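Just so we're clear, the structure is a prediction, and the values are computed from it rather than from any experiment. So you know, we letter chains A, B, ... as the sequences are listed, proteins then strands, and number each from 1.
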Number of protein chains: 2
Amino acid sequence: MARKAAQTTSDGVDKNKPVTSYDVAHEAGVSQSAVSRYFTPGASVSARTRAKILKAVNKLGYQPNAIARSLITRRSSLVAVVVANLSFNPEFTSVLGQALSARGLNTLLFTLDHESDADHVIDQLWQYRVAGVVAAVTLPPRHVEMLSQREIPVVFVNRVYEEVAVNSVSCDQSEGERWLVDELCAAGHCRIAIVSGPEDSPVSRQRVSSAAERMANVGVKPVEIVVADFTYQGGREAMRKLASSANRPDAIICANDMLAIGCMDEARHGFGLKVPEDISIVGFDGSAAGQWASYDLVTIRQPTNLMVDAAIDMLMARIDDPQLITEKRVFSGELVRGASARLAST
Amino acid sequence: MARKAAQTTSDGVDKNKPVTSYDVAHEAGVSQSAVSRYFTPGASVSARTRAKILKAVNKLGYQPNAIARSLITRRSSLVAVVVANLSFNPEFTSVLGQALSARGLNTLLFTLDHESDADHVIDQLWQYRVAGVVAAVTLPPRHVEMLSQREIPVVFVNRVYEEVAVNSVSCDQSEGERWLVDELCAAGHCRIAIVSGPEDSPVSRQRVSSAAERMANVGVKPVEIVVADFTYQGGREAMRKLASSANRPDAIICANDMLAIGCMDEARHGFGLKVPEDISIVGFDGSAAGQWASYDLVTIRQPTNLMVDAAIDMLMARIDDPQLITEKRVFSGELVRGASARLAST
DNA sequence: AAAAGTTTAGCATTCGAATGCAACAAATGA
DNA sequence: TCATTTGTTGCATTCGAATGCTAAACTTTT
């Protein structure tokens with residue numbers, strides 16, 4: 001098999017061996033400390049030395065070794081982003097990644113398929129001494145406990161822990177569901193069904209219970225609550241059950257947009273129903289697909305950008321002072337008055 | 001502000017300070033080397049020592065420091081996954097992450113908004129001494145060159161470099177487009193338009209040119225080629241142009257599913273056209289949304305799982321032997337005969 | 001021009017695990 | 001029983017950058 005011969009430039013620099021700060025120091029005629037300080041913001045280096053080092057850096061193509069740096073500083077620039085595979089919101093992850101990158105942090109991505117993978121993830125992120133964690137999944141309290149004991153800042157997104165002191169940002173699910181219920185009722189809907197997400201999803205549980213509670217308060221009873229997973233297919237199946245039930249609902253509150261989309265497709269293509277004439281369907285999230293013309297969902301849009309910014313602000317604050325007191329920030333969603341539900345005209 | 005008092009267990013172990021291999025060694029009454037070997041697969045450690053170490057590890061809750069390990073082995077278990085934000089295929093990233101994780105590798109995610117961010121990404125992944133790179137974006141040849149010089153294995157997904165020796169897996173775009181063109185022509189379409197993705201996207205360019213070429217071969221000329229970006233909105237705008245043009249096409253080949261979805265929505269909701277009765281629309285990718293009942297696209301499904309597995313296999317092989325000869329693997333797509341286009345019945 | 005203050009440079013040490021080497025112990029064979 | 005092989009172990013060193021400390025080099029003040 002063909003193997004490259006060791007490449008050596010005319011400078012005598014072996015290109016296959018990484019350039020270290022010593023090499024730069026030697027080239028520039030200064031000490032390794034100087035090179036290190038050159039790359040440390042706020043460290044004191046004279047203009048002369050700076051210039052010499054810069055020249056050497058460019059000549060050799062030096063890049064500091066983040067691994068070595070992390071070892072001595074006991075802190076990496078890695079932030080673990082933990083998301084669940086299913087309710088996995090790509091926009092969120094994407095926005096988050098960009099925001100982290102803009103602040104010089106790197107994204108170590110973990111996609112959890114099952115809750116049980118959490119152990120493994122916790123091990124990994126600890127092994128990499130991540131600077132912080134942004135979690136859009138539920139972690140068992142003992143893991144949260146462990147992270148706080150190890151002083152790894154954590155911010156949860158849309159998971160609020162009552163029992164543990166931990167940072168979180170979330171969208172006010174209860175308020176959003178209340179709005180939706182009120183809108184539906186105001187438009188005269190009285191046979192409202194709910195399509196829930198998986199029962200082990202706190203997000204889903206909270207949305208469903210908030211909606212149910214509001215309905216109780218205004219004196220309406222859900223005609224049915226169907227449990228589905230957070231998928232398109234789950235929505236379709238849920239709709240199938242509802243549409244063929246004796247007392248067909250005239251409105252459906254879905255625990256997220258994906259379910260709402262599934263419901264709409266099944267209602268239209270499976271049962272020939274018209275949305276919203278025959279049945280109103282509302283979602284939650286404000287996902288991109290939900291706003292496509294075919295669906296044009298009535299939904300609650302979560303302020304993704306605000307939430308991401310808030311999460312990162314909190315995270316950075318805690319990275320600077322890990323003992324900082326915890327805080328929970330709750331943002332209101334935004335009611336999107338799409339065309340997937342018959343609403344009272346205002 | 002409230003600060004936690006330093007926690008100290010009855011064992012006298014300071015919980016706030018990470019446990020090192022020396023602590024474990026001391027606890028187990030062995031040397032640090034033994035502890036290290038315990039965690040090195042294939043290293044020789046006697047059963048007696050193993051047991052002692054295991055006990056100490058559990059007692060102290062030791063986890064090897066991946067940073068320190070990477071420093072000395074000059075290799076991390078991190079794999080950089082570089083994706084573009086726009087054509088960002090969430091399914092792909094998700095599947096890839098899982099597959100990497102299953103092989104003990106961690107995902108360092110980089111989302112590129114602009115090509116120009118590539119410099120920064122390359123710096124970062126080099127600083128972290130990643131074990132490898134999976135890139136679903138185009139990198140400038142000089143970067144590819146640099147990576148190979150530094151012996152960092154790279155696998156490109158759906159980017160084939162002719163000029164550089166580099167690994168890649170891809171879906172056969174030309175074949176797929178040929179199938180689509182043939183299907184459309186066989187069904188009697190003769191005024192076919194093309195909606196292209198951004199001009200700086202090689203994927204788009206290849207799909208468009210393959211389709212155009214096939215059309216030329218069968219003696220049809222595209223009535224129009226509209227350039228859009230790879231977004232829903234882009235698809236809608238493209239459709240707007242096409243629908244209002246003098247010689248309205250009877251079929252549209254879109255450079256990806258997202259564009260096709262946008263076209264369909266605009267055709268139906270903007271122009272009241274029926275798909276596929278009034279106009280046929282085909283896409284490319286086999287995305288989940290494209291298969292939803294509202295769209296039911298005729299498209300080419302890329303074999304994501306196969307491609308991811310192949311990419312990782314190649315990557316791991318090169319991690320084991322960075323000098324390994326490069327290889328390009330091309331998979332056929334799968335024609336999905338949806339309902340978004342009028343096809344010859346078979 | 002000397003004294004005091006302020007930068008800046010370099011030395012030496014540190015982070016935590018992996019590994020070549022030599023010493024040693026156990027197992028095997030003669 | 002002794003020689004040989006095989007398997008374990010610990011010592012000492014290494015990876016590459018950050019930083020406390022001291023010494024030296026500049027500034028500023030008087």
Can you give one letter per nucleotide of nucleotides 12-18 of chain D, going 5' to 3': B for a protein heavy atom under 4.0 Å from the base, S for sugar-phosphate only, - for none? B-BBBBB
Assess the residue pair Leu96(A) and Thr107(A) against the criterion (side-chain contact (heavy atoms from CB on, under 4.5 Å)); give the C-alpha distance rounded to whole Å, side-chain angles, the decisive distance to 0.1 Å, and a yes or no. CA-CA 9 Å; Leu96(A) 183 60; Thr107(A) 304; over 6 Å; no
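- What separates OH of Tyr38(B) from P of dT19(C) is a distance of 18 Å, to the nearest Å.
- Put simply, Ser44(A) has a side-chain N or O that comes within less than 4.0 Å of OP1 or OP2 on dT8(C).
- Looking only at side-chain heavy atoms (C-beta outward), Ile122(B) and Leu147(B) come within less than 4.5 Å of each other.
- Judged as a salt bridge (Lys or Arg N to Asp or Glu O under 4.0 Å), and not counting sequence neighbours, Arg75(B) has no contacts.
- Using a 30° and 60° split on the angle between ring planes, Phe156(B) and Tyr161(B) fall in the tilted class, from 30° to 60°.
- With sequence neighbours excluded, the residues satisfying side chain to side chain contact (heavy atoms under 4.5 Å, CB included) with Arg50(A) are Tyr38(A), Val45(A).
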